[in-house]
Enquirer: 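Would you mind keeping the following structure in view while I ask a few things?
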Amino acid sequence: MASQGLDQDTLDMLLDTLQRFSDRQMPPEKLLELDAKNEFPKPLIEEMLGPDIGLHLLFIPEEQEGLGGGAYDVYRVSEAMARTDLGIATAFLAIFLGTDPIVVGGTEAQKQKWMSKIAEGRIVAYAVTEPLAGSELSNIKTRAERVMEGDRITGYKLNGAKQFITNGSVASIYTVLAMAPDGPTFFVVEGGTEGFEPGKHEDKHGIRSSDTSPISIEDVFVPVENLLGDVEGKGLIHAQSVFGFTRLMVAAFGLGGGDAAMKRAIRYSRERIQAGSPLCEKPGYTHKLIVPHVTTLEACRAYTVETARRLDAGEPELQTEGAIAKLLATEAGNAAADAAVQAHGGYGYIREYQVEKIRRDVRITTIYEGTSEIMEWTISRDRWRTHLQQKGEFYRQMASRLETLHREDDAVGASVAALALRALLETVERARAARLTRHQHHLFRLGELMAKAEVAANFSLYAAGKGSERYAAYFAPKALKAMARVYARETALTIAEGSIRMLRGGDAVSPVEMPQLERDLGLTAINSAMGGQVADLDEVARAINEQDAEAE
């Protein structure tokens, strides 16, 4: 079912309220203090859940006294929070995660009971991950044993352990996944229940203001009315249903963290004078440490907005698109934060400048809610199936649409993105013929190439004004078309090189066959398309500098 979400005025008001609260209550020195102390700011979170802000209401349907925000609204708020602090943003991700099994799988009576409590401002946790199960939810070891009175089930006794649970030691409501006799099942457990014991707050590399704790579960009695949906065995279905949204949220976190790091690097580049001129005027600096990262962040932002648009339009089965958004946006944010540390030189290694903290924080986005490697596998598996079912038409038609777009607008890199897609199609088909996908390494690499090609295709469309009207470039909107051209060229080269590495490295092509492979990949056309790349990098650098100067 389509979700209309918030009207633009309401969303703008919510974002403005959040920004004013962040400016007032979460200044940089406060966030650095929380990081240094490894401290969860419970009073801050409770204020954000309170009546004056009620940020959590975004995740709650209107019929359960919430705002009923859509995917786009969740993306915008998540991105804005991550620009301020990823640890605090992660606390809200956990509230959404913990709430969703109730929204998706609860009976009407259960929704009424629990969602009204959550709407009042209760902190929620999603207790799924286990020490040995990782992302394989079907391998969970926590058991739910039926408690009987005669032939009637009165409740369940839970035993097991959970690991890396966000909000684990501070939540008052937990949605817990356990293996019941008929399969994985979600239960609601209230904090303080006997035998349900959170452990110590983990001493983490980053997002240190986020509470992360293990939970010991020993003979925890849960009344039967807390079995979500009143039916055992639906837990994996409930967990899968949320992936489109949660992966979009984590993609937004990657973007927000990357944005925050780049904003600081851009400002530093204008202030730091070297050899008589600011760093922002030196291509050796900007074209390595700023422009490529800003460009990739914008490409991923456009794809994330498009995925949110499709979710809000009610399109089903967007787990692959969610995986693409999460994979590339989080990797982009991670790379941007790393470049920002380098861009600051020695100062980047000092906590006062914040990029050191952002670099540690954003790293987790490539790990939680499914690692980058799991995203690559998901993308490759799903698109491989589509390729076989449609006999290559999926990417062939995508390339044809871009070639048509190029005839309408030759300034958005559409023809080069089409070259990337056709090279990808050739790679996938040759990998099929040589049975390379039986080797896990090749399967993962295909997932990465597929993701890049689809993001490049979408970026060309958005740069041509063919995407959601709600998209707005965060960096250098005046140079959007130049960024689309830059990203398309880099993607085409990456796919061509990746194809040769895979096909020749996997012995699917002999040395004598290499010239034909290069022709089939369109390597000459791809190399030729690199013309103008440095001029476009120059244009993007100028636009970034001008935008930052105007913002002062």
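Bear in mind that the values here come from a model prediction, so they are computed numbers and not experimental data.
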Enquirer: Can you check whether G168's main-chain N or O pairs, donor with acceptor, with D211's side chain at less than 3.5 Å?
Expert: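 Such a contact is found between D211 side chain and G168 backbone.
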Enquirer: Taking all atoms of both residues into account, what is the closest heavy-atom pair of M26 and L44, and its distance?
Expert: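 Where M26 meets L44 most closely, the heavy atoms are CG-CD1, 3.8 Å.
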Enquirer: Within this structure, what is the OG1-CD distance for the pair T246 and E369, rounded to the nearest 0.5 Å?
Expert: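 Separation between the atoms: 4.0 Å.
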Enquirer: Examine distances only and state if a side-chain atom of K326 and a backbone atom of G370 form a donor-acceptor pair shorter than 3.5 Å.
Expert: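 Checking the backbone N and O of G370 against the side chain of K326, a donor-acceptor pair under 3.5 Å is found.
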Enquirer: Please report the interatomic distance CG(L289) to OG(S269), rounded to the nearest 0.5 Å.
Expert: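 Output value for this atom pair is 10.0 Å.
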Enquirer: Just so I know, are the side chains of L49 and E120 near enough to count as touching, which here means a heavy-atom distance under 4.5 Å?
Expert: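 Contact flag for L49/E120 side chains = no.
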Enquirer: Check whether N167 reaches the backbone of V170 with its side chain - one donor and one acceptor, N or O, closer than 3.5 Å.
Expert: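 Between the backbone of V170 and the side chain of N167 there is no qualifying donor-acceptor contact (under 3.5 Å).
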Enquirer: Is R208 salt-bridged to D361, cutoff N-O under 4.0 Å?
Expert: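 Between D361 and R208 there is no salt bridge, as every charged N stays at least 4.0 Å from the carboxylate O atoms.
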Enquirer: Do P278 and R270 have side chains that get closer than 4.5 Å, going by heavy atoms?
Expert: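 No. Closest side-chain heavy atoms not under 4.5 Å.
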Enquirer: Test your reading of the model: is there a side-chain donor-acceptor pair from E298 to the backbone of F475, 3.5 Å cut-off?
Expert: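 Yes: the side chain of E298 pairs with the backbone of F475.
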Enquirer: For a ring pair (Phe, Tyr, Trp, His ring centres under 6.0 Å) with Y126, tell me which candidate from F186, F96, F92 qualifies.
Expert: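 The residue from F186, F96, F92 that satisfies ring pair (Phe, Tyr, Trp, His ring centres under 6.0 Å) with Y126 turns out to be F186.
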Enquirer: Measure the shortest side-chain to side-chain distance between M483 and V486 over non-hydrogen atoms and say whether it is less than 4.5 angstrom.
Expert: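 A side-chain contact is absent here, since even the closest heavy-atom pair is not under 4.5 Å.
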Enquirer: Using only atom types and a distance under 3.5 Å, with no angle test, would you say the side chain of H201 pairs donor to acceptor with the backbone of T212?
Expert: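 A pair under 3.5 Å: yes.
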Enquirer: E194 side chain to V220 main-chain N or O, any donor-acceptor pair under 3.5 Å?
Expert: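 No; zero donor-acceptor contacts below 3.5 Å.
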Enquirer: Looking only at heavy atoms, which two atoms of A325 and A251 are closest? And how far apart?
Expert: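 Looks like O-CB, 3.5 Å.
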Enquirer: Is there a side-chain contact between V74 and L248 in this structure, where contact means two heavy atoms from C-beta onward sitting under 4.5 Å apart?
Expert: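 No, their side chains stay 4.5 Å or more apart.
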Enquirer: Return yes if a side-chain donor-acceptor contact under 3.5 Å exists between E331 and S372, otherwise no.
Expert: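 A donor-acceptor contact under 3.5 Å links the two side chains.
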Enquirer: Classify the ring geometry between Y353 and Y347 as parallel (under 30°), tilted (30 to 60°) or perpendicular (over 60°).
Expert: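 Ring orientation, 0 to 90° scale: tilted.
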Enquirer: For a quick test of reading the model, state the closest non-hydrogen atom pair linking N38 to D203 and the distance between them.
Expert: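 So the two residues come closest at ND2-CA, 3.7 Å.
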Enquirer: Looking at P184, is its backbone amide N or carbonyl O close enough to the side chain of K234 to form a donor-acceptor pair, meaning the two atoms are under 3.5 Å apart?
Expert: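 A pair under 3.5 Å: no.
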Enquirer: Is it the case that the ring center of F196 lies less than 6.0 angstrom away from the ring center of Y174?
Expert: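 Ring centroids of Y174 and F196 are less than 6.0 Å from each other.
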Enquirer: Rounded to the nearest 0.5 Å, what's the gap from CD1 on I379 to CE on M375? Could you check?
Expert: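 So the CD1 of I379 and the CE of M375 are separated by 7.5 Å.
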Enquirer: Y75 side chain to T304 main-chain N or O, any donor-acceptor pair under 3.5 Å?
Expert: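 Pair absent, no side-chain N/O of Y75 close to backbone of T304.
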Enquirer: Do E352 and R264 sit within salt-bridge range, that is, some charged N less than 4.0 Å from a carboxylate O?
Expert: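 No, no charged N to carboxylate O under 4.0 Å.
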Enquirer: Starting at OG of S209, measure out to NZ of K30 and round the result to the nearest 0.5 Å.
Expert: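 Going from the OG atom of S209 to the NZ atom of K30 covers 10.5 Å.
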Enquirer: In plain terms, say whether E108 and K111 are close enough for a salt bridge, that is, a side-chain N and a carboxylate O under 4.0 Å apart.
Expert: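 Result for this pair is yes, salt bridge flagged.
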Enquirer: Looking at every heavy atom in both K162 and V128, which two are closest together, and how far apart are they?
Expert: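 So the minimum-distance heavy-atom pair works out to NZ-O, 3.2 Å.
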Enquirer: Without swapping roles, check the side chain of E202 against the backbone of F164 for a donor-acceptor pair under 3.5 Å.
Expert: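 Between the backbone of F164 and the side chain of E202 there is no qualifying donor-acceptor contact (under 3.5 Å).
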Enquirer: With a 3.5 Å distance limit and no angle check, can you tell me whether Q64 reaches the backbone of M115 through a side-chain donor-acceptor pair?
Expert: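 Checked: no pair found.
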Enquirer: If you measure from the Lys or Arg side-chain nitrogens to the Asp or Glu carboxylate oxygens, is any gap between R24 and E47 under 4.0 Å?
Expert: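 A salt bridge links R24 with E47.
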Enquirer: I need the M249 CE to T90 OG1 distance, nearest 0.5 Å.
Expert: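 Atom-to-atom, M249:CE and T90:OG1 are 9.0 Å apart.
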Enquirer: Is there a side-chain contact between V291 and I544 (heavy atoms, below 4.5 Å)?
Expert: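 They are in contact (side-chain heavy atoms under 4.5 Å apart), so the answer is yes.
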Enquirer: Are the side chains of R470 and R76 in touch, meaning some heavy atoms are under 4.5 Å apart?
Expert: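 No, their side chains stay 4.5 Å or more apart.
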Enquirer: Is the closest basic N to carboxylate O distance between E33 and K37 below 4.0 Å?
Expert: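 Salt bridge flag = yes for K37 with E33.
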Enquirer: Measuring from atom CG of N226 to atom NZ of K113, what distance do you get when rounded to the nearest 0.5 angstrom?
Expert: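 One gets 5.0 Å once the value is rounded to the nearest 0.5 Å.
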Enquirer: Does a salt bridge link K452 with E490, judged by any charged N lying under 4.0 Å from a carboxylate O?
Expert: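 Salt bridge between K452 and E490, a charged N being under 4.0 Å from a carboxylate O: no.
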Enquirer: Would you call the rings of F253 and Y368 parallel, tilted or perpendicular, where under 30° means parallel and over 60° means perpendicular?
Expert: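 F253 and Y368: tilted rings.
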Enquirer: Might you work through the side chain to side chain donor-acceptor pair (under 3.5 Å) test for D12 and Q8, ending with a clear yes or no?
Expert: CA-CA 6 Å; D12 288 343; Q8 193 61 49; 2.9 Å; yes
Enquirer: Could you tell me whether R359 and E356 make a salt bridge, using a distance below 4.0 angstrom between a side-chain N and a carboxylate O?
Expert: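 Not counted as a salt bridge, because no side-chain N and carboxylate O are separated by less than 4.0 Å.
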Enquirer: Any side-chain heavy-atom pair from L97 and L93 closer than 4.5 angstrom?
Expert: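 Of all side-chain heavy-atom pairs linking L93 with L97, at least one is under 4.5 Å.
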Enquirer: Might you point out which heavy atoms bring L177 and E130 nearest each other, and give the distance in Å?
Expert: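 Reported closest heavy-atom pair: O-OE2, 4.4 Å.
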Enquirer: With no hydrogens and no angle check, do the side chains of E454 and N458 hold a donor and an acceptor under 3.5 Å apart?
Expert: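 No donor-acceptor contact under 3.5 Å links the two side chains.
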Enquirer: Are the charged groups of K357 and D35 less than 4.0 angstrom apart, N to O?
Expert: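 Salt bridge flag = no for D35 with K357.
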Enquirer: Could you report the tightest heavy-atom contact between T330 and V250, atom names first, then the distance?
Expert: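 Smallest heavy-atom distance, with atoms named: CG2-O, 3.5 Å.
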Enquirer: Show the numbers, then the answer: is there a salt bridge (Lys or Arg N to Asp or Glu O under 4.0 Å) between R542 and E539?
Expert: CA-CA 5 Å; R542 283 194 300 271; E539 181 182 340; 5.4 Å; no
